[in-house]
Every structure is written in structure tokens, then in C-alpha cells.
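Have a look at the structure below before the remarks.
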Amino acid sequence: MAVAVWGARGWIGGQVCELLEARGAEVVRAESRLEDRAAIEAELDRTRPDRVIVAAGVTGRPNVDWCEEHRRETIRANVIGTLNVVDVCTERGLHVMLFATGCIFSYDEEHALGSGKGFTEDDRANFAGSFYSRTKGMVEELLRCYPPELLLVLRVRMPISADLSCPRNFITKITRYERVVNIPNSVSVLPDLLPVAIEMSRRRIGGIFNFCNPGVVSHNECLELYREFVDPSFTWTNFTEQEQAKVLKAARSNNELDCSKLLAAVPDLRVPPIQESLRKLFQEFKTSRS
Ligand SMILES: NC(=O)c1ccc[n+]([C@@H]2O[C@H](COP(=O)([O-])OP(=O)(O)OC[C@H]3O[C@@H](n4cnc5c(N)ncnc54)[C@H](OP(=O)(O)O)[C@@H]3O)[C@@H](O)[C@H]2O)c1
């Protein structure tokens, strides 16, 4: 059973390929560019995968601010490219799992910070404060037009990996900021969730899913765990969202996503609540260093 992966050299795609291979799957690391429809078709004709995983897209370096000044490149990959690969695959009856983002929402009156009422998969994007999020929200709306049985869209948020030296890891990022906001958010702990993603793809589950651990965690809670388990001398300085806005090109999304659809879809696969998950992650990290 061959699985074609777009974005195999990326942070999330690389981890997905390793997990697939550890489970004995044959992985085809797709080489075609997302915006090149003919090349995608030729690659699928040549490699004949049974299903497809898309972890390709532009996220911006060093961060999403890059997308503000590279709008056409962002559209080419995240809009035209994503629609191309989904369109070609679903036309051929191939199941596609797409790593998308939950950074298309922002706390509002109906989903107020601290209310415990998260955005659901039926909610439409309400955050367009960055060009990255704007394109992702628009694409999600268009993806709703594809057959849900062939398309699985996973809304990932502020991913956390077990590797604390990785600059893409949300925890690592915030330990390196000069000043950090302190807002509760839904986040995705990849060691919990990537095995779930692979199983959802294998089961050919379809639809849009909030793809996070249940609950929310604040920046300070993460940094307190870092201080407790990694560096007792660690200190940090908070600043407000208004102060943060002065040092960023684009706004950042803060939200809680409701994970009940995910938990109901894979009741046999455990996705631990965020505080439990992070404590375990840090504990394992500490043990691995001692
Ligand atoms: N990291 C996050 O914070 C985060 C959060 C939520 C959602 N996501 C989503 O998850 C997906 C993967 O993210 P990531 O963090 O793993 O990103 P990443 O490390 O930047 O990897 C992205 C991958 O996509 C490939 N790619 C980019 N443009 C392409 C194109 N036009 N055609 C073909 N391949 C292309 C890149 O290959 P090249 O280097 O060859 O261009 C790279 O392998 C993205 O769609 C992202 O929006 C990420």
C-alpha cells in the first residue's frame, strides 16, 4: 500500500514519513510542485499511490510575517497549489489527507476567551489578520466543495514536538522570544496527534477536523513547565497583545478549538488533554537527558 506524501522534506511531512515507514508503509516522496498540475498528474500516473498525504505549503521564514510581503508565492502554494493537488487526487478517487491550520479563528463574543466554548468544524473562518491565515481560511471554504469521503482536512495549531532544540516547536519558539504574550490557546502535540493522523488516513476518514489536544494552554503555563523540567533559572517577560502588534507585521490568531468531533471519530485512539500531554512530554524529555 503506497502512500504519496507532498511536503516530505518539511517539518511535519518529514515526521509523517518516518512514522509511516516505521509502520511498514511504502512511502512515495512526491517531487512535483503543488502549482504544477500536469507534473502532479504525471507523478501519480508513474507512482500509483493508494492514498495521498499533503503536508506541503508555505508557512513563511522565519515566520508567517514573510507571507505579508510574498503574497503571490503564498497564493501559488497555499491556494492554487493546495486546490490543484486536492482536485487532481479526488478526481482520481484517491483519498487525500491535508495538514491545514486552525489559525483561521480568533476569540469572539460567541467563543469568548475562557468560556470553554471552542470553534467547531461548522464554524467559518473569522480571522484574516495575517495574509497566511486569510489564504488558509479561503481555501478551507473551497475545500468544503470536494467529496468529504475523499478529503480529510486537519486543522493543526501551534504544533509542539518532542524535540526542544527544533526552532519550529511552539515551546522552543516562545522560550526564544524577547517578550511573550500570555493567552490560552488550543495546540497540537505532534507525538500524540501524528499517529492519529496516519490512522485516520489509513481508515480513509473524511471531513474537516479540529486537530488539537483537548483544552487550552497559555504561553505562561508552557514556560512554567519549561522552567520546572528543563531550566530552573529560566525567566521571561510578558507583554500585551497591543505591544506585540507593534513588533509584528501581521496579527496572530488566538483561539480555542472544540475537539469533540475528533475524539468521537477515533474513540479507540487516545488524544490526551493538553495539560496531561505536556507534563508527560516534558517528563520524558527530562528522563532522556538524565
Ligand atoms: N508549523 C506550523 O506552525 C503549522 C501550524 C499549523 C499548520 N501548519 C501547516 O502544516 C503544513 C506543513 O507545515 P510545516 O510546518 O511542516 O512546514 P515546512 O516545514 O515549511 O514544510 C513545508 C513543505 O512544503 C513544501 N512546499 C512548499 N511549497 C511547495 C510547493 N509549492 N510545492 C510543493 N511543495 C511545497 C516544502 O518543500 P520545499 O522546501 O521544497 O519548498 C516543504 O517540504 C503547512 O501547510 C502548514 O500551513 C503548520
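Just so you know, ligand 1 is whichever comes first in the structure, and atom 1 is the first atom listed for that ligand. Here the structure is a predicted model, which is why all the values come from computation and not from measurement.
A 6.0 Å sphere centred on NZ of K117 holds more than 12 heavy atoms belonging to other residues, nucleotides or ligands. Within 6.0 Å of the CZ atom in R203, the count of heavy atoms belonging to other residues, nucleotides or ligands exceeds 12. A 6.0 Å sphere centred on CZ of R134 holds no more than 12 heavy atoms belonging to other residues, nucleotides or ligands.
Only side-chain heavy atoms of T59 come within less than 4.0 Å of ligand 1; its backbone N, CA, C and O stay farther off. Contacts of C103 with ligand 1, taken as heavy-atom pairs under 4.0 Å, are absent altogether.
Ligand 1 lies less than 4.0 angstrom from a heavy atom belonging to A100. Ligand 1 is never approached by F170 to a heavy-atom distance shorter than 4.0 Å. Residue R155 places no heavy atom under 4.0 Å from ligand 1. Distances from ligand 1 to the non-hydrogen atoms of R76 include no value under 4.0 Å.
Scanning the protein for heavy atoms near atom 20 (O) of ligand 1, the closest one is R61 NH2, 3.1 Å. The nearest protein atom to atom 32 (N) of ligand 1, hydrogens excluded, is given as L34 N, 2.8 Å; this is a heavy-atom distance. Of the protein's heavy atoms, G10 N, 3.1 Å lies nearest to atom 43 (O) of ligand 1.
Checked against a 3.5 angstrom limit, the closest N/O atoms of K136 and ligand 1 fall inside it. The distance criterion of under 3.5 Å between nitrogen or oxygen atoms is not met by M158 with respect to ligand 1. Annotation: R168 places an N or O atom under 3.5 Å from an N or O atom of ligand 1; distance criterion only. When only interatomic distances are considered, the shortest N/O to N/O separation between G57 and ligand 1 falls below 3.5 Å. Taking distance alone, with nitrogen or oxygen atoms compared against 3.5 Å, I12 approaches ligand 1 more closely than that limit.
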Please test E149 against R204 for salt bridge (charged side-chain N to carboxylate O under 4.0 Å, His left out), starting from the C-alpha separation and ending with a verdict.
CA-CA 7 Å; E149 66 279 9; R204 292 179 160 69; over 6 Å; no
Please test F170 against H219 for ring pair (Phe, Tyr, Trp, His ring centres under 6.0 Å), starting from the C-alpha separation and ending with a verdict.
CA-CA 9 Å; F170 171 68; H219 296 70; 5.5 Å; yes
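Under the side-chain contact (heavy atoms from CB on, under 4.5 Å) test applied with D192, the options N213, L281, I160 reduce to a single match, N213.
Across the listed options A56, P159, A30, A56 owns the non-hydrogen atom lying nearest to atom 24 (O) of ligand 1. For the residues R157, E73, R33, Q15, the heavy atom positioned nearest atom 41 (O) of ligand 1 is part of R33.
Remark: ligand 1 atoms within the under-4.0 Å shell around heavy atoms of G7 are 23 (C), 24 (O), 43 (O). Shown in contact with Y132 at under 4.0 Å from a heavy atom are these atoms of ligand 1, numbered in order with element: 7 (C), 8 (N), 46 (C), 47 (O).
One finds the CD1 atom of I198 at 6.5 Å from the CE atom of M97 (value rounded to the nearest 0.5 Å). A distance of 13.5 Å separates CG in L150 from CZ in R92, rounded to the nearest 0.5 Å.
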